[in-house]
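Heads up: the structure comes next, in structure tokens.
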Amino acid sequence: MLKPFSEHIDTNLPFLRERPLLLACSGGVDSVVLAHLCVAADLRVTLAHCNFQLRGDESDGDEAFVRNLSYELGVGVMVQSFDTEKYAEAHRGSIQMAARELRYQWFHEVLDTGEFDFVLTAHHADDDLETFLINLSRGTGIEGLSGIPVQNEKVIRPLLNFSRQEILSYAKDNNLQWREDSSNSESKYLRNKIRLDIVPQLKALHPTFLKNFMRTQAHLEQTQSLVRHHMEEIRARLFESDGDTIRISVEKLQELKPTAGYLYELFQAYGFTEWNDVEGLLHAMSGKEVLSKTHRLVKDRTHLILSPIETGPEEVFWILDNVKELEHPINLRLQNVKAVENTGRNVIYLDKEKLNFPLQLRNWEKGDYFYPYGMKGKKKLSKFFKDEKVDVISKEKQWLLCSDDIIVWVVGRRADERFKVEDSTKEILKITLVS
């Protein structure tokens with residue numbers, strides 16, 4: 001196995017040569033074999049062990065084993081302990097999910113120090129098959145069926161071309177020692193149930209079942225690459241970006257067939273899962289929205305608007321009389337001038353004596369109204385936005401400049417008539433929205 005492993009590194013992962021690598025080592029046979037292969041192939045590895053403190057003395061025994069393994073191999077070792085049960089309870093998740101999150105959080109923290117370039121994990125072909133079956137049972141698209149990628153940013157899986165049997169044979173042939181995790185024999189976990197009960201039956205159907213599966217995975221990856229390229233072209237044609245907000249024409253979405261399939265490929269990366277609701281937005285009233293954990297998709301007349309969910313508290317910013325420039329949350333420049341010159345949406349001139357400092361910068365709220373410059377009478381902002389065809393997301397992000405909570409400027413859109421410069425004005429304040 002050493003020769004094909006070393007050839008695999010040279011052919012497909014040559015960038016790992018001469019790079020400092022962190023190797024995730026549980027003490028089980030897979031990671032122990034990976035550690036021995038990497039050292040034999042002259043890769044620069046440091047072992048990284050997570051003690052999840054879930055099996056008492058057995059967990060501590062795993063840690064001691066990995067420390068001793070690092071000594072035998074002549075490589076460094078890093079160990080991190082976690083209160084996994086407490087984390088799972090706090091995040092209302094399963095123990096397995098908690099362990100996975102804690103594990104990768106730590107790996108990325110170590111990578112962020114710049115001491116290592118990549119993390120190696122010991123996932124192999126049988127793990128890939130199990131992941132395929134798990135995703136299949138839960139419902140997924142071609143991406144989920146394509147299985148575990150060899151590389152996911154800085155996480156590398158150099159054993160994906162090898163089977164569990166090949167790994168076990170290498171360990172036995174070379175008299176390697178490893179630790180058995182007792183929880184791996186418990187079929188209460190979905191992955192274990194698939195590994196122990198289902199995969200053996202599938203392999204019994206055909207002597208080359210796993211190799212056939214690996215060929216299928218290769219075909220699916222190629223198909224996924226074609227789909228990804230096509231979807232990049234579709235996004236470039238349909239997605240209209242404005243900062244972190246994206247507008248997509250409903251009419252153009254409806255032209256795509258099959259619509260449901262395109263919607264999945266366009267929006268699944270943003271965490272959406274309720275696909276009937278997403279498709280329903282195409283025919284919904286304005287203001288209807290669908291939420292994922294990270295994004296929202298809103299129907300706004302003729303478009304869908306995609307934007308990240310902002311979880312921070314609403315803030316109010318104050319502008320003192322002596323402030324010349326505000327940089328956050330938006331860039332405003334304040335100047336005392338002698339005359340009105342260039343005007344436009346991003347520039348207003350105010351009678352400074354009509355203002356009471358500090359000025360207030362806040363987001364709009366329902367019920368807000370102002371007296372639009374050049375018009376008689378007041379107007380609700382909701383009606384103003386409708387007339388100006390301001391979309392839902394832009395309304396939520398709209399900033400108002402106020403004096404004593406009276407709107408002075410719907411920033412970047414319209415000033416208030418009550419603060420305009422007149423013949424009797426003695427001090428003129430020019431405010432510019434710097435883009």
Side-chain angles (χ1 to χ4, degrees), residues 239-247 249 298 300-303 305 307 310 314-435:
F239 282 28
E240 303 169 15
S241 298
D242 181 12
D244 58 2
T245 299
I246 298 172
R247 292 171 55 86
S249 166
V298 183
D300 187 70
R301 295 186 293 273
T302 59
H303 287 73
I305 302 176
S307 66
E310 298 179 2
E314 292 186 4
E315 296 183 271
V316 175
F317 299 85
W318 300 93
I319 304 175
L320 302 177
D321 189 9
N322 60 350
V323 170
K324 302 300 181 185
E325 186 164 5
L326 183 74
E327 295 183 352
H328 181 76
I330 55 176
N331 192 185
L332 295 179
R333 184 178 301 139
L334 293 82
Q335 301 167 275
N336 291 317
V337 297
K338 294 182 178 180
V340 175
E341 296 178 348
N342 301 331
T343 59
R345 282 179 172 263
N346 291 342
V347 180
I348 61 168
Y349 293 85
L350 306 170
D351 186 329
K352 192 171 182 180
E353 292 184 336
K354 297 177 181 178
L355 300 172
N356 287 325
F357 284 86
L359 301 180
Q360 182 186 39
L361 190 66
R362 64 172 175 83
N363 290 116
W364 89 284
E365 300 172 357
K366 289 184 178 180
D368 278 335
Y369 67 89
F370 76 129
Y371 289 73
Y373 181 83
M375 295 178 59
K376 292 183 179 180
K378 67 181 181 181
K379 191 171 190 176
K380 281 192 173 184
L381 271 183
S382 56
K383 181 65 165 62
F384 172 76
F385 290 144
K386 183 176 181 180
D387 293 344
E388 294 288 312
K389 293 182 170 57
V390 179
D391 65 64
V392 176
I393 303 298
S394 296
K395 282 193 292 187
E396 293 179 356
K397 295 181 177 181
Q398 179 64 56
W399 290 101
L400 304 179
L401 183 66
C402 304
S403 172
D404 287 340
D405 211 32
I406 299 172
I407 296 174
V408 175
W409 186 21
V410 182
V411 179
R413 298 188 187 276
R414 195 78 164 262
D416 190 288
E417 175 77 13
R418 292 168 290 183
F419 299 90
K420 70 179 182 180
V421 173
E422 300 177 302
D423 293 339
S424 59
T425 298
K426 296 178 181 179
E427 285 189 89
I428 301 175
L429 178 64
K430 177 184 177 182
I431 304 181
T432 305
L433 174 62
V434 183
S435 58

How about [X] and [Y]: do any of their side-chain heavy atoms sit closer than 4.5 Å?
X: Trp399; Y: Asn363; result: yes
X: Ile330; Y: Phe317; result: no
X: Lys420; Y: Leu350; result: no
X: Lys430; Y: Arg333; result: no
X: Leu400; Y: Leu361; result: no
X: Thr245; Y: Lys397; result: yes
X: Tyr349; Y: Thr343; result: yes
X: Ser403; Y: Val408; result: yes

Heavy-atom closest contact ([X] atom, [Y] atom, distance):
X: Val323; Y: Leu326; value: CG1-N, 4.4 Å
X: Gln335; Y: Thr432; value: OE1-OG1, 4.3 Å
X: Lys338; Y: Ile428; value: O-CD1, 3.7 Å
X: Gly377; Y: Pro372; value: O-CD, 3.7 Å
X: Gly412; Y: Asn346; value: CA-OD1, 3.9 Å
X: Val390; Y: Ser394; value: CG1-CB, 3.7 Å

Practice item. From the options Arg413, Arg345, Lys383, select the one residue that forms a salt bridge (Lys or Arg N to Asp or Glu O under 4.0 Å) with Glu388. Key: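 Per the salt bridge (Lys or Arg N to Asp or Glu O under 4.0 Å) rule, the option paired with Glu388 is Arg345, out of Arg413, Arg345, Lys383.
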Exercise for review: Examine distances only and state if a side-chain atom of Gln398 and a backbone atom of Val411 form a donor-acceptor pair shorter than 3.5 Å.
Suggested key: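 Checking the backbone N and O of Val411 against the side chain of Gln398, a donor-acceptor pair under 3.5 Å is found.
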Exercise for review: Please check if the distance between the ring centroids of Trp409 and Phe419 is under 6.0 Å.
Suggested key: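 Judged by ring-centre distance (under 6.0 Å), Trp409 and Phe419 do not meet the cut-off.
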Exercise for review: Taking the six-membered ring for Trp and the full ring for Phe, Tyr or His, determine whether the centres of Trp318 and Phe357 are under 6.0 Å apart.
Suggested key: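 No: the rings miss the under 6.0 Å criterion.
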Separation of [Y] [atom2] from [X] [atom1] (nearest 0.5 Å):
X: Leu401; Y: Ile348; atom1: CG; atom2: CD1; result: 6.0 Å
X: Lys380; Y: Phe370; atom1: NZ; atom2: CZ; result: 14.0 Å
X: Ile431; Y: Leu334; atom1: CD1; atom2: CG; result: 4.5 Å
X: Tyr371; Y: Lys378; atom1: OH; atom2: NZ; result: 5.5 Å
X: Ser307; Y: Asp244; atom1: OG; atom2: CG; result: 7.0 Å
X: Ile407; Y: Cys402; atom1: CD1; atom2: SG; result: 5.5 Å

**Study point:** Non-neighbouring partners of Asp351 that pass side chain to side chain contact (heavy atoms under 4.5 Å, CB included), sequence neighbours left out
**Key:**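 Listed in chain order: Glu353, Lys354, Thr425.
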Are there over 12 heavy-atom neighbours, none belonging to [X], within less than 6.0 Å of that residue's [atom1]?
X: Tyr369; atom1: OH; value: no
X: Phe385; atom1: CZ; value: yes
X: Glu422; atom1: CD; value: yes
X: Arg418; atom1: CZ; value: yes

Exercise for review: Classify the side-chain pair Asn336/Lys352 by whether it contains a donor and acceptor separated by less than 3.5 Å.
Suggested key: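 Indeed, the side chains of Asn336 and Lys352 share at least one donor-acceptor pair under 3.5 Å.
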Review point. Does the side chain of Asn331 come under 3.5 Å of the side chain of Glu325 through a donor N or O and an acceptor N or O?
Key: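 Per modelled atom types, Asn331 and Glu325 side chains form a pair under 3.5 Å.
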Residues [X], [Y]: salt bridge by 4.0 Å N-O rule:
X: Lys389; Y: Asp300; result: no
X: Asp387; Y: Lys379; result: yes
X: Glu365; Y: Lys395; result: no
X: Asp368; Y: Arg362; result: yes
X: Asp242; Y: Arg247; result: no

Practice item. In sequence, state the C-alpha distance, the side-chain angles, and the governing distance for Asp405 and Gln360, and then conclude on side-chain contact (heavy atoms from CB on, under 4.5 Å). Key: CA-CA 7 Å; Asp405 211 32; Gln360 182 186 39; 3.1 Å; yes
